[in-house]
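Okay, structure first, notes after.
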Amino acid sequence: MNTKTEQDRVLIFDTTLRDGEQSPGATMTHEEKLELAALLEEMGVDIIEAGFPIASVGDFEAVSAIARQSDRSVICGLSRAAFTDIDRCWEAVKHARRARIHTFIGVSPTHRDITNLTMDAMVERIHATVTHARNLHDDIQWSPMDATRTERDFLCRVVETAIKAGATTINIPDTVGYTAPRESADLIRMLIERVPGADEVVFSTHCHNDLGMATANSLAAVEAGARQIECTINGLGERAGNTALEEVVMALRVRNDIMPYRTGIDTTRIMNLSRRVAAISGFAVQYNKAVVGKNAFLHESGIHQDGVLKNVETFEIMKPEDIGLVANNIAMGKHSGRAALRTKMRELGFELSDNQLNDVFVRFKALADRKKEIYDEDLIALMADTATNAEHDTIQVKRLRVVCGTEGPQEAELTLAIDGADHAVDATGDGPVDAAFNAVKMLFPHRARLQLYQVHAVTEGTDAQATVSVRMEEDGKIVTGQSSDTDTVVASVKAYVNALNKLIVRRQKTKPETADTP
Ligand SMILES: CC(=O)SCCNC(=O)CCNC(=O)[C@H](O)C(C)(C)COP(=O)(O)OP(=O)(O)OC[C@H]1O[C@@H](n2cnc3c(N)ncnc32)[C@H](O)[C@@H]1OP(=O)(O)O
Ligand SMILES: CC(C)C(=O)C(=O)O
Ligand SMILES: [Mg+2]
């Protein structure tokens with residue numbers, strides 16, 4: 001067991017902004033990253049992996065800005081095993097009160113083929129790059145990518161090399177979600193027992209969910225001696241995602257009797273973070289998702305309802321309020337005022353400044369005029385819409401009118417403000433959404449291909465708001481857009497425009513820099 005942290009304290013390393021953002025389509029804007037980093041810090045995340053600074057100027061600037069605004073959390077950046085990557089990473093994270101450089105290299109046979117390095121050459125590279133990082137700073141994390149598919153003797157050798165070169169945290173990634181709980185535990189135990197210097201570093205676990213075992217594998221690693229879990233909000237991440245922060249944190253809390261470890265997370269902030277990450281990334285949380293799914297605390301069948309009414313513990317192992325779900329008795333509607341809206345929004349996890357409250361209040365009243373009942377989900381959708389359709393966006397939807405019915409072609413009249421100037425056009429299409437999208441394309445010609453168009457009703461009823469999500473691709477760049485409105489076509493156009501605004505930001509990022517060998 002390592003000696004650097006208290007025996008039972010597990011550090012939470014959140015990588016939503018780095019590994020989470022690597023999910024195709026989950027790209028976040030600079031402002032969104034700053035907002036999420038602030039929320040993660042407030043929630044008590046120990047280490048925030050803010051990005052991959054050499055990946056682009058945009059990534060570098062986001063990591064630097066997050067480092068500058070940070071206070072308690074350690075701000076970490078990722079870098080390959082190359083001096084230029086590491087230098088760039090340090091340039092970004094050094095502004096933080098507490099900074100960390102994370103450097104990695106793929107060590108399994110497949111990855112050694114990719115980098116074309118023999119075992120000896122790889123050991124040399126690790127020694128050189130970790131030493132270089134350690135000469136810049138004293139908090140260095142090193143990861144042997146694809147550790148779980150690496151020969152055990154070689155894994156011990158590279159971990160020993162990294163420790164000798166000055167790494168302070170050794171993170172063991174299950175990069176492709178290949179391991180299983182017993183093996184995950186055995187691997188950490190074996191490294192701690194066999195590698196000289198293992199007691200001087202913190203061991204960390206980084207699991208992917210390809211076989212649905214990321215949470216179990218992370219917890220098994222902790223039981224074997226790992227004291228840092230790498231995870232993301234809602235399990236966002238490459239392919240099937242990373243370990244979900246809310247799952248490991250709540251598992252350690254609920255089953256503290258058999259897993260006597262603690263984290264520094266304020267669990268009452270979980271629901272808010274989950275909603276913000278879902279809205280910003282465009283990845284909706286599945287209804288039956290553990291901890292944060294819409295159905296996690298809902299009971300529909302009679303025996304369950306009867307049991308819960310008699311004793312809530314019959315069918316619930318966590319309290320909704322422990323994750324920030326608050327039972328309330330304020331009914332929101334067209335007669336509600338600002339005080340009720342502020343209180344309700346606070347309960348839902350949104351702290352509004354006076355200006356924001358005024359802005360949201362206007363939108364809330366407009367919605368209440370069109371909708372009989374306003375549910376919590378409507379307010380959450382309203383907040384998400386406020387965040388995704390921002391005043392500084394290049395393209396804004398000004399006016400939309402569609403004509404649809406049994407006789408086509410359907411028609412759309414659309415006015416968009418582009419860079420502050422209004423432009424209007426009439427277009428036709430196969431259905432109102434097609435006509436409206438054609439109008440957008442005429443006003444803002446682009447090559448992006450629509451990969452996904454999805455509509456969800458936020459609540460029940462024919463006056464329900466629709467949340468529309470779109471995913472678009474241009475030259476390998478994938479962006480998502482989201483919007484909600486009681487008018488499905490309006491929500492569709494706003495979601496489309498939201499995606500285009502993100503694409504404009506992506507295009508503006510300059511070309512990535514290339515890495516040299518050390
Ligand atoms: C498991 C993970 O999550 S790993 C992190 C994955 N995340 C990302 O890749 C997102 C950010 N990446 C990027 O923006 C780009 O890939 C960049 C800027 C890092 C590199 O771009 P490019 O120079 O165009 O290289 P490209 O992406 O095509 O290929 C990756 C190169 O890095 C090398 N490489 C990969 N991992 C490492 C490593 N850990 N250390 C050193 N070199 C590495 C590859 O061998 C390849 O080298 P080559 O160009 O000599 O063949
Ligand atoms: C960069 C490393 C830690 C990673 O994300 C992985 O191996 O999955
Ligand atoms: Mg990963």
Side-chain angles (χ1 to χ4, degrees), residues 13-24 26-28 47 49-60 62-63 76-86 88-89 92 100-108 110-117 121-122 124-130 132-133 140-150 155 158 162 167 169-179 203-210 214 217-218 226 228-232 235-244 475-478 506 509-518:
F13 177 115
D14 181 277
T15 183
T16 307
L17 301 176
R18 199 279 298 169
D19 219 337
E21 205 206 14
Q22 283 175 210
S23 295
T27 306
M28 304 168 197
I47 304 110
E49 189 161 52
F52 198 154
I54 201 137
S56 68
V57 172
D59 252 49
F60 177 84
V63 178
C76 175
L78 185 64
S79 49
R80 287 173 294 179
F83 289 178
T84 41
D85 270 47
I86 292 168
R88 191 78 172 141
C89 178
R100 175 176 295 185
I101 299 172
H102 181 189
T103 180
F104 77 101
I105 191 159
V107 294
S108 65
T110 329
H111 283 274
R112 296 199 301 266
D113 279 351
I114 299 259
T115 40
N116 209 12
L117 290 172
M122 181 156 287
E124 257 177 56
R125 169 82 76 106
I126 293 163
H127 189 267
T129 49
V130 176
H132 182 74
I140 306 300
Q141 172 165 324
W142 180 75
S143 295
M145 180 165 66
D146 207 11
T148 52
R149 292 192 300 171
T150 301
L155 187 62
V158 289
T169 299
I170 299 290
N171 176 47
I172 303 299
D174 182 29
T175 306
V176 289
Y178 178 70
T179 198
F203 272 87
S204 166
T205 176
H206 175 112
C207 298
H208 281 266
N209 205 30
D210 298 65
N217 290 338
S218 303
Q228 174 176 296
I229 299 179
E230 302 209 355
C231 45
T232 60
L236 191 68
E238 298 255 23
R239 306 180 309 278
N242 287 63
T243 302
D475 299 334
K477 295 187 212 57
I478 296 177
R506 289 288 300 275
K509 285 185 178 179
T510 53
K511 284 194 169 170
E513 296 161 43
T514 45
D516 299 338
T517 48

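In listed order, ligands and their atoms are each counted from 1.
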Hey, is [X] touching ligand 2 through its side chain, its backbone, both or neither, going by heavy atoms under 4.0 Å?
X: Asp19; value: side chain
X: Asp174; value: neither
X: His208; value: side chain

Classify the contact between [X] and ligand 1 as side chain, backbone, both or neither, using a heavy-atom distance cut-off of under 4.0 Å.
X: Phe52; value: side chain
X: Asp59; value: neither
X: Arg125; value: side chain
X: Arg18; value: side chain

*Based purely on interatomic distance, does Ile54 place a nitrogen or oxygen under 3.5 Å from a nitrogen or oxygen of ligand 1?*
no
*asked:* Is it the case that ligand 1 has an N or O less than 3.5 angstrom from some N or O of Phe104?
replied: yes
Using a 3.5 Å distance criterion without hydrogens, assess whether the side chain of [X] forms a donor-acceptor pair with backbone atoms of [Y].
X: Asp14; Y: Thr16; result: yes
X: Ser23; Y: Ala26; result: no
X: Thr205; Y: Ile229; result: no
X: Asn242; Y: Cys231; result: no

Find all atoms of ligand 1 within a distance of less than 4.0 Å from any non-hydrogen atom belonging to [X], and give their numbers and elements.
X: Thr175; answer: 1 (C)
X: Met145; answer: 1 (C), 4 (S)
X: Ala55; answer: 11 (C), 14 (O), 18 (C)
X: Thr115; answer: 45 (O)

*Just do the side chain to side chain contact (heavy atoms under 4.5 Å, CB included) check on Ile101 and Ile86 with the steps written out, would you?*
CA-CA 7 Å; Ile101 299 172; Ile86 292 168; 4.2 Å; yes
How far is [atom] from its nearest protein heavy atom, and which residue and atom is that?
atom: atom 4 (C) of ligand 2; result: His206 NE2, 3.4 Å
atom: atom 2 (C) of ligand 2; result: Arg18 NH2, 3.9 Å
atom: atom 7 (O) of ligand 2; result: Thr175 OG1, 2.6 Å

*Do the charged groups of Arg149 and Asp146 touch, with an N to O distance under 4.0 Å?*
yes
*May I ask you to establish whether Arg88 and Phe60 are in a cation-pi arrangement, using a distance under 6.0 Å from NZ or CZ to the six-membered ring centre and at most 45° from the ring axis?*
yes
*For ligand 2, which atoms, with element, lie under 4.0 Å from some heavy atom of Met145?*
7 (O)
_Atoms of ligand 2, numbered as shown, that sit under 4.0 Å from any heavy atom of Asn171_ = 3 (C)
_Contact between Trp142 and Ile105 at the side-chain level, heavy atoms closer than 4.5 Å - yes or no?_
yes
*Side chains of Ser204 and Glu230: closer than 4.5 Å at any heavy-atom pair?*
yes
*Of the N, O or S atoms in Asp19, the one nearest the Mg ion (ligand 3)*: OD2
*asked:* Tell me which N, O or S atom from His208 is the closest to the Mg ion (ligand 3).
replied: NE2
Does any donor atom in the side chain of [X] or [Y] lie under 3.5 Å from an acceptor atom in the other side chain?
X: His102; Y: Glu49; value: yes
X: Asp85; Y: Ser79; value: no
X: Thr15; Y: Thr232; value: no

*Out of Glu238, Gln22, Arg80, whose heavy atom sits nearest atom 42 (N) of ligand 1?*
Arg80
*Among the heavy atoms of His111, does any lie under 4.0 Å from an atom of ligand 1?*
no
*Could you tell me whether any N, O or S atom belonging to Glu238 is less than 2.8 Å from the Mg ion (ligand 3)?*
no
*Taking all non-hydrogen atoms of both residues, which atom of Cys207 and which atom of Ser218 are closest, and how far apart?*
SG-OG, 3.6 Å
*Between Arg112 and Val107, what is the shortest heavy-atom contact and its length?*
NH1-O, 2.8 Å
*Do any N/O atoms on His102 end up under 3.5 angstrom from N/O atoms on ligand 2?*
no
